[in-house]
Every structure is written in C-alpha cells, then in structure tokens.
Amino acid sequence: MANVNPLNEKVSMNNPMTTNPMNNMSSGSAAVAANRMHPISNPTTGHHINPLNTQINPLNAQINPHSMVKPVSHDMIPDSVVPAAHHTTPINPRTSNLAARPSHRRGDHHMFLTSDDNAMMKHIEETHIPDGRDFDVKPLVHIIEDIVHRATPIAGPVHEAKVQAHLEALEEKAPHSGLTEILNYLAYPIHRISMELISKCANKEDAHSTTMSLLHSLTTYAWDTKVAITFAAFAQQYGEFGLLVHQYTTNPLAKSVAIIMELPEIMTRQDVLKQKFDAIHDLIDKMLDVTKCIIEFRDVQTSHSQHVITQELEMLINTAHISTAAYWTMRAAVMCSAMILNLIAIGHEQISSTSEAWELSSLTHKLANILDHLRKVLNLCHQKIEEKRQHDAFEALLRLLRTPHIDNMKILSILIHSRDDQLPLFDGTRKRRVGLDVLRRKHVLLLISDLDIAPEELFILHHMYAESKTQPNRPESNYEVVWIPVVDKRLTPWTEAKQVKFEEVQASMPWYSVAHPSMIDPAVIRCIKEVWGFKKKPQLVVLDPQGKEANNNAYHMLWIWGSLAFPFTKAREEALWKEQSWNIELLADSIDQNIFTWISEGKCICLYGGEDIEWIRSFTSATRAVANAARVPLEMLYVGKKNPKERVRKNSSIIQIENLSHVVQDQTLIWFFWERLESMWHSRTQQDIPGETDPILQEIVTILSYDGSDLGWAVFSRGLAEMTRGKGDLIVQVMKGFDRWRDEVSDVTTFVPALDRQLRDLHSPHHCTRLILPSTTGHIPERVVCAECSRPMEKFIMYRCCIE
C-alpha cells in the first residue's frame with residue numbers, strides 16, 4: 001500500500017495507478033526498467049554511496065529497483081489553494097476522485113477552507129522557526145533562472161521563443177555582485193537538499209512527505225530562503241541533465257556518460273519529449289514568478305520597515321499566505337526533480353506517463369492562481385507603502401516650510417528634487433541646465449501651472465519679466481521666476497506627446513524651469529494642491545530669501561502692479577491698495593500707450609466694449625456727435641470682451657476701417673485687460689473691507705458684470721479725475737437726448753459729472769446683473785453683492801461652450 005499522507009485528498013485504493021507508476025508498464029517493460037537500475041547500498045539507508053563521490057550527480061545515481069522513484073500523483077495534492085470552480089484543466093477520472101466531487105466553493109478565493117487544509121497548513125507553519133538571519137537570495141534566483149532556461153533539453157517552437165526572450169532579458173540585467181557571498185552560506189544547504197531530493201524520491205516517498213521533510217531541514221531559514229535553496233537544488237539537477245543532453249552528441253565524455261544512462265535511446269522520442277518538457281517549462285516559469293513574489297514580500301517587510309511596518313500592513317501581508325506559496329513552490333520543485341529522475345531510471349515507459357502530464361498541468365494551474373493572489377496583495381502593499389511614504393514626506397515638507405532657515409537652499413532642494421546629481425533647473429535665457437545655487441538668497445516666484453498654460457499668459461509674463469531685468473540693480477528686480485509644472489502621473493501617465501508639450505512650453509520661457517516634471521515629488525504636488533490651493537489657473541507662490549512662504553499666490557499682484565508689487569507679500573498688497581483710488585489708470589493700465597498721453601493732455605477718455613457691431617456704430621456715432629457739439633476733447637478705445645473670439649477681431653477691423661474709434665491692436669492685451677480686472681476683484685475681496693462699503697470693488701464688479709451680459713457698455717473719465725459708466729442702451733439714449741442736458745456742459749471739466757447725473761436719473765430699479773467668474777480661480781467668496789442695488793447675488797453653476 002502506498003504511503004498516503006492523511007492531510008492530502010483521499011486516494012482511491014481500488015485504483016493501483018494512483019500509487020505506483022510501475023503499474024503503468026507491462027511486466028516486460030518493468031523487467032527492462034529493473035535491468036537499467038543498479039542497486040547500491042548505504043550504511044544507514046541500505047544503499048551504498050561511493051565515498052569518493054560526495055558531490056553525487058543525480059543524473060548518474062544508480063537507483064535500487066526496489067526503491068522506485070515515485071511520481072507525484074494528483075490525488076496527493078490537496079485542493080486547497082484553487083477553488084473548485086476555478087479548475088479549468090480536464091480531470092482524469094482514472095487518477096483522481098475529484099471528478100465525482102461537486103463544486104461546493106464557487107467564487108470563494110480563500111486559500112484554505114477545509115479542516116484538512118487548515119491542519120496541513122498548521123503543520124507547515126510549525127516547521128518555521130527562523131533564527132533571524134536575512135539573506136538576499138535575488139542573486140541566487142538570477143542564476144537559477146539562467147540555468148533552467150538554458151538547460152531545457154528539448155522544447156517546441158513556442159517555448160523556444162519564450163526561452164530566447166528570457167535569456168535576452170537576463171543578459172540585459174547587470175550581474176549580481178552578492179552571488180559569491182550568498183553561496184558561501186547556502187552552497188552546502190543546497191547540496192544537502194539536492195541529496196535529500198534524490199534520497200526521498202528513491203525511497204518512494206510521496207511529494208507532500210518529501211516537501212515536509214525539506215521544510216524541517218530548512219526550519220531556521222526565512223520563507224524566501226527555503227524556496228530559493230530548494231529551487232537551486234532542483235536547478236542543479238535540471239542543469240546537469242540539460243548539459244548532458246546538449247553535449248552528448250559532440251563531447252566524448254558526455255557521450256560515454258549518456259550511453260551508460262541510455263540517454264540516446266530516451267531522446268529518440270522527440271515528439272513526446274517536447275510535450276513533456278514544454279509542460280515542465282510552464283511549471284518552472286510559474287515557480288520562478290512565485291519565488292520572485294515571495295522575495296518581494298520579504299523586501300517589503302525589511303527594506304521598508306523604517307517607513308511603514310504598521311499593523312495594517314502586517315495584516316495585509318498575512319493575507320498573502322506566504323507559507324502556502326512557499327510550500328507549493330517547493331512541492332513543485334520536488335515533483336520536477338522526481339520526473340527527471342524517473343526519466344533516467346525508467347526511460348521510455350516514463351516519457352508518456354498520463355499521470356505525470358496531469359500532475360504538471362494541475363500544479364501549474366495551482367501556482368498560477370497563487371501567483372495571481374500574491375500579486376494582488378503585493379500591489380496593495382506597495383500602494384500602502386507609497387501612501388505612507390507620501391504622507392510622511394508631506395508632513396516633513398510642512399514642518400520644513402514652518403521652520404526658519406538661513407537661506408532658501410534646503411526648501412528649494414525639497415521642492416525640486418534632483419536625482420543622480422543632475423542639475424535640476426533649466427535656464428530659459430541661456431538654454432542650459434543649472435543648479436539651485438542661482439536662486440540662493442533671492443526672492444523666488446514659483447510659477448505653478450499644468451502643461452496647458454495659455455500662450456496669452458506666457459506673453460504677458462514674458463513682457464513683465466523682461467521689463468524687470470532691464471534694470472537689474474533696482475530692488476524690485478531682485479527676484480527670479482521658476483516654473484513648476486504640475487503633472488500628477490498617478491492620474492495621467494506620462495506620454496511622448498506630453499514630453500513634446502513640456503519641451504515646447506519650457507522653450508518659450510526666459511526664466512528658470514524645472515528640468516523635468518519627474519523632479520517634483522508627489523508629496524510636493526499634494527502640498528501645491530492642498531496647502532497652496534492650486535487647481536487649474538496658474539499661481540505664483542512667493543518664497544523669501546530664507547525660503548519662507550511670503551505669499552501663496554502673488555499672481556494677482558503681478559497682474560495689477562507688475563514689478564511695483566515687489567516683494568509680493570500680503571503686507572505689500574495691502575499697502576498698495578491703501579494708496580490706490582478708482583481711476584482710468586488703474587482700470588486700463590498699459591493696454592494702450594496712448595492712454596497716458598490722453599491723461600496728460602486732460603482729455604476725456606472712453607473705454608467701451610461689447611460684441612454687437614450695430615450697437616457699436618450707434619454708440620460711437622452718437623457719442624462723437626455729443627463731444628463735437630460740447631467741444632469736449634474725447635478719445636474712445638474699444639476693449640472688446642474677455643477671451644476675444646473671432647467676432648471681436650472682426651469688430652476691431654470694422655471699427656478701424658470705418659474710423660469709429662481706437663482699438664486695442666493686440667488681441668492678447670484685450671485678454672489681459674479682462675484678466676487683470678478679475679485679478680483686481682480677487683485681490684480686493686481678500687482685503688479686510690466689506691464689499692457693500694468698498695467703492696473700488698463695486699466698480700470692478702460692475703464692469704465685470706457688463707462683460708457677463710450680451711450688451712454693450714462704456715466708461716468715461718476725465719484724466720485721472722471723475723469717472724462714470726453705464727450700460728449700452730442707457731448711454732445711447734442719453735447721448736441721443738443731449739439737447740436736454742446741453743446746458744450742464746460748459747467745458748471738459750463738467751462733461752463727465754453731467755453725463756453721470758443723466759445716467760443715474762435714467763437708472764431703472766429693474767435689472768439683471770450677471771457676474772461670471774471661472775471656477776478655476778480658486779477663491780470664490782460665498783457672498784457677492786450686486787453693483788446695481790447692493791443686494792446679495794444668487795450663485796449658479798454655468799456650463800458654457802462658445803464656438804464661432
């Protein structure tokens with residue numbers, strides 16, 4: 001009777017094929033096999049071992065015919081890892097009683113559920129008493145992988161291609177320097193396990209018992225080391241067999257050894273051998289993959305312990321059932337070893353063993369499911385480790401930002417992480433890589449944006465930056481700009497198209513930029529989003545010469561006052577607003593150089609906008625007639641609408657052709673006019689002034705609301721003095737009714753006040769004011785009052801698509 005482990009699945013005692021491979025042979029075949037095996041003796045085991053040959057070659061071992069090498073039977077493999085519903089390999093009713101079992105665990109992915117399974121795994125765990133030694137077995141596994149792929153005696157075309165691909169990949173890897181050191185410790189255990197494999201197989205011990213014996217022999221090693229030692233012992237046997245097969249036709253010594261083993265006779269069955277070794281190769285591939293996963297779990301527990309080993313991670317690692325994976329990988333090595341030894345011992349009769357073919361397929365499937373489970377848990381572990389690492393890096397960054405420093409180097413080196421001693425910055429003026437030292441003890445403006453920064457913004461920034469550098473000795477020129485591209489690779493993978501886009505944007509910038517987005521750590525990106533509030537719209541985060549945050553967004557200050565806002569602090573912003581009054585210079589700034597001339601000449605200035613060309617014709621005609629009648633020097637400038645489209649461009653052309661008024665020549669400056677007005681609104685709303693009592697804010701909101709409507713509008717000013725404004729229909733009505741208020745205008749100084757009174761008299765309590773702000777601006781106040789009636793405005797969400 002066969003020695004069947006009670007922890008394994010029940011074996012049909014009425015089926016002799018499940019217990020002895022010799023039953024698959026005729027009596028004549030058995031006699032031939034017996035004649036090919038030469039009995040030897042040993043003082044302890046009853047078999048003789050040549051004392052001169054301590055390094056026993058399993059290929060040349062003479063095996064007692066009464067101690068038959070026993071192939072592993074599927075009935076000895078517990079159905080423990082793979083649920084019944086997941087068995088896709090056909091079941092052989094002659095070699096397994098699984099065919100009669102119902103699929104009672106459909107959809108259940110737990111590794112071990114039955115009492116027998118749990119008992120077996122308890123026994124496996126009890127063999128594990130590690131002594132704390134930690135071996136890096138990756139160099140050993142690298143050699144194992146090289147051996148098993150080169151040693152394949154014979155393979156079909158598909159597997160030959162796979163083997164070639166594996167070998168090419170191995171050759172690309174750098175050799176492991178630690179191999180000699182690891183073999184100093186593990187060479188003897190590998191040899192001992194190799195001997196034990198030969199002995200156990202020769203004594204007809206079943207696969208489970210042999211595997212348990214190996215586990216007891218390796219009790220003090222970590223799981224990954226147990227697997228690597230056992231795998232190396234098998235690889236040694238497999239490599240020797242493969243070496244003999246590859247060389248016996250050309251090497252005289254190999255030929256003589258092969259003749260003694262009757263190897264040429266065995267190799268005549270090429271067709272069957274191809275199938276057999278293809279199946280063995282598939283199983284070895286899975287063994288390698290599972291072994292690498294087990295090693296990776298070991299790395300998780302050791303290499304990352306300083307970061308993470310938390311209770312949560314330990315519990316997650318426990319769900320991987322490393323001991324289960326180790327047991328089945330070692331058992332697969334036992335099975336493969338037995339098959340090679342059987343092939344040598346029995347010859348032809350073993351080549352086409354149905355039992356072995358089934359065992360290979362079944363175990364390969366089982367390891368594939370174990371591998372899938374390990375990889376899922378491993379991915380979760382790496383995810384937890386990365387989350388913890390990023391959390392720790394984020395907290396460290398926050399502490400660093402709050403800590404005083406002598407200069408800004410430490411902060412900048414954290415924000416812009418240089419790898420492999422690469423220069424982290426690109427100088428946009430000199431077009432070369434530079435180090436962070438160029439920013440030492442300077443005010444640094446971090447320009448934060450994604451890759452889709454608008455060309456209009458780049459144009460204006462370029463102009464302001466170039467202007468500040470024309471007089472480098474001025475205090476307000478003592479700052480540098482660094483572009484920080486925010487590209488979260490966790491959300492969107494880096495592609496060649498993004499690389500090209502990045503290089504295009506970088507090349508258009510005269511200031512410094514990060515050499516590559518990969519130098520921005522995820523913890524820094526989190527800080528940019530959560531602490532500095534970046535969403536979509538570009539920001540300018542200001543760091544003082546000591547690296548301390550002076551302003552989390554000076555973008556609006558730069559837009560409003562340019563370099564005059566230096567050093568771009570909140571205190572400077574507040575001081576500038578205290579000096580500011582509402583006038584045409586604040587509103588129009590430098591969108592047209594003629595404005596400063598008109599101001600100095602004391603002329604009346606009219607800025608107007610809108611898209612309706614018929615209203616523009618009516619308004620400019622009526623206004624020009626009033627100015628001529630009142631003998632008021634008046635200049636009009638068309639500023640279009642925000643985000644100027646084709647209609648605004650056409651209007652500008654018509655206005656110039658018909659000589660209706662001046663126009664802003666550059667469409668980018670029209671965009672800047674409205675962007676700057678929005679910046680005024682954002683900056684002003686953050687001042688400690690109630691909106692209801694803030695005249696500047698009310699005027700800003702009014703003009704922004706004009707742009708939100710589809711109607712025209714106009715603002716009138718006399719130099720830097722009085723101003724008035726109104727909607728398009730009211731202004732045209734007032735201008736056409738000039739005869740009613742002609743007497744109120746005596747000269748240029750009285751024109752704007754008189755116009756203001758007329759507009760107020762015609763003001764209707766019925767109105768619909770719309771203030772449209774982009775959601776990407778970051779700061780949206782909860783309460784905004786209407787510029788017309790000072791009542792709180794309702795807030796809506798608008799989706800807009802404008803195609804012209």
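Computed from a prediction, not measured in an experiment: that's the story for all the values here.
Using cut-offs of 30° and 60° for the angle between ring planes, the His321 and His373 rings count as parallel. Taking the six-membered ring where the residue is Trp, Tyr238 and Phe277 present tilted rings, their angle falling between 30° and 60°.
Nearest heavy-atom pair across Gly239 and Ile147 is CA-CG2, 3.8 Å. In plain terms, the two heavy atoms of Pro252 and Thr250 that are nearest each other are CD-O, 3.6 Å. Glu126 approaches Ile129 most closely through the heavy-atom pair O-CG1, 4.1 Å. What you find for Ala222 and His128 is that their closest heavy atoms are CA-CE1, 4.0 Å. The two atoms that bring Ile317 and Cys381 nearest to each other are CG1-SG, 3.8 Å, heavy atoms only.
Under 3.5 Å, the side chains of His208 and Tyr327 contain a donor-acceptor pair of N or O atoms. Between the side chains of Gln422 and His516, no donor-acceptor pair is found at a separation under 3.5 Å. Side-chain contact of Ser217 with Glu196: a donor-acceptor pair under 3.5 Å is present, judged by distance alone. Residues Gln236 and His191 bring no donor and acceptor atom of their side chains to less than 3.5 Å of each other.
Using a 4.5 Å heavy-atom threshold, the side chains of Ile284 and His281 count as separate. Contact of the Lys384 side chain with the Leu316 side chain is registered, since non-hydrogen atoms from C-beta on lie closer than 4.5 Å. Within the 4.5 Å cutoff, no side-chain heavy atoms of Trp223 are placed close to those of Val227.
A donor-acceptor pair is defined here as one N or O able to donate and one able to accept, closer than 3.5 Å; such a pair exists between the side chain of Lys226 and the backbone of Tyr221. Under a 3.5 Å cut-off, the side chain of Ser194 and the backbone N or O of Ile190 do not form any donor-acceptor pair. Under a 3.5 Å cut-off, the side chain of Thr219 and the backbone N or O of Leu215 do not form any donor-acceptor pair. Side-chain N or O atoms of Asn379 include one that pairs as donor or acceptor with a backbone N or O of Arg375 at under 3.5 Å. Looking at Thr127, its side chain does come within 3.5 Å of a backbone N or O of Ile124 through a donor-acceptor pair.
Using a 4.0 Å cut-off between a side-chain N of Lys or Arg and a carboxylate O of Asp or Glu, Asp372 and Lys376 qualify as a salt bridge. Salt-bridge formation is detected for the pair Arg389/Glu386: a Lys NZ or Arg NE/NH1/NH2 atom is positioned less than 4.0 Å from an Asp or Glu carboxylate oxygen. Under a 4.0 Å N-O distance rule, the pair Arg298/Asp136 does not qualify as a salt bridge.
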